[in-house]
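Worksheet for the structure shown next.
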Amino acid sequence: MLKRLLTFTISIMGVLTANALEIPEIFGDNMILQQQTKAKVWGWAEVGHYIKVTANWSADEYVAKVDADGSWKVEVKTPDASFNKYKVTFSEYKSDPDKDKKVVAVDTKVSDGVLIGEVWFCSGQSNMEMPLGGFWNCPIEGANETIAQSGKYCNSVRVATIPKVGKPEPQKKVEGKWEIPSPKTASRFSACGYYFATTLADMLDVPVGIINCSWGGSCVEGWLPKDTLLTYPDGLTPVSPNDYHQRMVMFNGMLNPLAGYTIKGFLWNQGESNVGYEKQYIERFKTMTRLWRKMWNQPSDKLPIYTVELPPYWYDDVNGTQGADFRAAQHTIAKELENCGCVCTSDLIYDYEAKQIHGAQKRQIGQRLAYMALARDYGVEGVSAEAPEFEYMEEVDANTEEQAVIAGTAVEKNPNAKGKVLHLYFKNGDEGFDRLDNIEGFEAQDADGKWHNAIVWASSAWQNVKRQGCYLTLACPEVKDIKGIRYCYKNFIPGKLHNVRGLPVVPFLYSKK
């Protein structure tokens, strides 16, 4: 009898709690909401009941009726960013509290420690997922210092890490709570995302939150839905049987439940699993971005997306070019896709890291992403964010004036300034570069298609040139008729040339028509 009564009691409790008020962890304690917006907030409750959401930064109340599927959603108006800690209260009623003033809440949940600031959504594969604590045999440079000092951002940075959950069908719920930086927690944070957040917080003096939704080894197809994938010739065929190479499962299990969380923009660090398929990647990445923007359904419908160029890696052949071809595709995307940018990482690899796909220099990547956001989205003047990119070249006859110039003063004439040389002009390089000569990584192609190391030095001129300012001069005595030029266009070759703001020259390949 006791056993039957206990079973009956448990069953009744199950009925009573099955449709209890529920909010996703992402709307729990310590969350950051995007400032000066109508932030979307949602959850689940008893069908036909009403949900009232209030926040103690204003007297506004937001009421929604629970839909037939048990879900509800409201949009909460947020104030300017500040370091004030707020409370957001979620209350469930059997009838409309706006009309029935005597109705009493049947359930209430409170999110405490809420901040208002800037929120960015981070995604991709292992180089985005990689935590400050590193992976096995894969350290993050300077991590111990960063982790030890993380407590100083306890009032300005929040990080939500989404667990790796792959599903064959789109999900509505996923875990992922906001965490406060401290030596105890910081080692779990995405290194790229964390350095982005701290740089932004320091510059803007506002709270910054990042949602890290990434999975090591994932391909771009893993972040696309089934109906999109079925339009491709390879459909749902996985790159390999590994879970992280399955298609659509990251979209279903991790991204779909978060779609709509009000953000400022996306950060993306992925591509290694798609190397060799750069043509398909260009279109699929564009499709993914536009789909995500539609799913987030924010007023501009053009949320920025800033990507990270793949770092140099051997890909079984240091002199091969499949990695270089993919990097070129990433920069093509940045030029063709609206509100998109790509930060160059050609210099952020050490010589001994040829076989290390997880480079240690993540601080600089996060900073460069932040510089791009600061310049493009926050109107911070004076911050240089765009790397030097090759624009065009002209063939000239070298003469006595073909020399390097520093601050208007000519230096020793380059002995290679004779015969035919090439002047190379770069966007974002008009003010010059960080070295005058011994510039490595440039090659010239002969008529037979063979590549030869070229001699390159920095030059500048204000008269009798096509464009005033700084440029590079290239000579290659071994090649009489140069058919093409390239810079750091191999799988693994660390870039060592920067502009005067320390941003690396983007690898490129140029062939004469």
Side-chain angles (χ1 to χ4, degrees), residues 278 282 304-312 324-348 364-365 367-377 379-396 404-406 421-436 439-444 454 456-474 482 484-489 493-513:
E278 60 275 359
I282 290 174
I305 184 164
Y306 300 135
T307 67
V308 179
E309 176 193 273
L310 295 195
D325 293 337
F326 192 89
R327 294 179 203 114
Q330 290 181 294
H331 288 283
T332 296
I333 292 170
K335 293 179 178 68
E336 296 179 352
L337 179 63
E338 60 278 7
N339 213 8
C340 178
C342 181
V343 298
C344 181
T345 64
S346 64
D347 60 330
L348 300 183
Q364 297 91 325
I365 294 176
Q367 289 173 334
R368 289 174 187 176
L369 287 167
Y371 296 155
M372 189 164 283
L374 288 166
R376 293 193 182 189
D377 301 293
V380 177
E381 297 182 2
V383 175
S384 185
E386 310 296 336
E389 291 192 68
F390 174 75
E391 279 193 291
Y392 64 90
M393 70 178 190
E394 59 177 343
E395 188 175 66
V396 299
V405 178
I406 300 179
V421 297
L422 302 179
H423 287 179
L424 312 181
Y425 293 90
F426 292 79
K427 183 180 180 182
N428 307 313
D430 286 348
E431 294 182 359
F433 303 88
D434 62 350
R435 59 193 66 201
L436 289 173
I439 296 174
E440 302 173 358
F442 282 87
E443 296 175 282
V456 177
W457 63 96
S459 301
S460 59
W462 286 265
Q463 294 179 347
N464 303 320
V465 291
K466 187 173 182 178
R467 188 172 80 185
Q468 294 182 351
C470 299
Y471 54 93
L472 296 179
T473 302
L474 180 149
I482 295 177
I485 56 173
R486 66 183 185 182
Y487 169 71
C488 285
Y489 207 84
I493 176 171
K496 298 178 180 179
L497 181 64
H498 305 76
N499 66 7
V500 293
R501 289 296 188 91
L503 296 175
V505 172
V506 174
F508 70 90
L509 169 67
Y510 174 80
S511 298
K512 286 184 179 179
K513 296 180 179 179

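Since the structure is predicted, the reported quantities are computational estimates derived from the model, not experimental observations.
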Should the pair [X]-[Y] be classified as a salt bridge under the 4.0 Å nitrogen-to-oxygen rule?
| X | Y | answer |
| --- | --- | --- |
| R376 | E386 | yes |
| E391 | K427 | no |
| E309 | R368 | no |

Can a donor-acceptor pair be found, under 3.5 Å and without considering hydrogens, that links the side chain of [X] to the backbone of [Y]?
| X | Y | value |
| --- | --- | --- |
| R486 | E443 | no |
| T307 | G341 | yes |
| R435 | H498 | no |
| E278 | A328 | no |

To the nearest 0.5 angstrom, please state how far the [atom1] atom of [X] sits from the [atom2] atom of [Y].
| X | Y | atom1 | atom2 | result |
| --- | --- | --- | --- | --- |
| Y306 | C342 | OH | SG | 12.5 Å |
| I485 | L422 | CD1 | CG | 6.0 Å |
| F433 | L472 | CZ | CG | 4.0 Å |
| F442 | W457 | CZ | CH2 | 12.0 Å |
| R327 | H331 | CZ | NE2 | 9.0 Å |
| M393 | Y425 | CE | OH | 12.5 Å |

I need the minimum non-hydrogen distance between [X] and [Y], along with the two atoms involved.
| X | Y | result |
| --- | --- | --- |
| E389 | V506 | CG-CG2, 3.6 Å |
| T345 | I365 | CG2-CG1, 4.0 Å |
| A458 | I439 | N-CD1, 4.0 Å |
| A375 | A385 | CB-CB, 4.0 Å |
| C488 | G495 | SG-CA, 3.7 Å |
| A387 | P504 | CB-O, 3.2 Å |

Check: Is it true that atom CD of E338 has more than 12 heavy atoms of other residues, nucleotides or ligands lying nearer than 6.0 Å?
Finding: yes

Notebook entry, point to check: Between the side chains of D325 and Y489, is a donor N or O closer than 3.5 angstrom to an acceptor N or O?
Noted result: yes

Notebook entry, point to check: Where do V396 and V421 land on the side chain to side chain contact (heavy atoms under 4.5 Å, CB included) test, with the steps shown first?
Noted result: CA-CA 6 Å; V396 299; V421 297; 3.5 Å; yes

Next item on the list: Going by the side chain to side chain contact (heavy atoms under 4.5 Å, CB included) test, name the single residue among L497, L503, V505, N499 that passes it with D434.
Entry: L497

Notebook entry, point to check: Are the aromatic rings of Y487 and F390 close, with centres under 6.0 Å apart?
Noted result: no

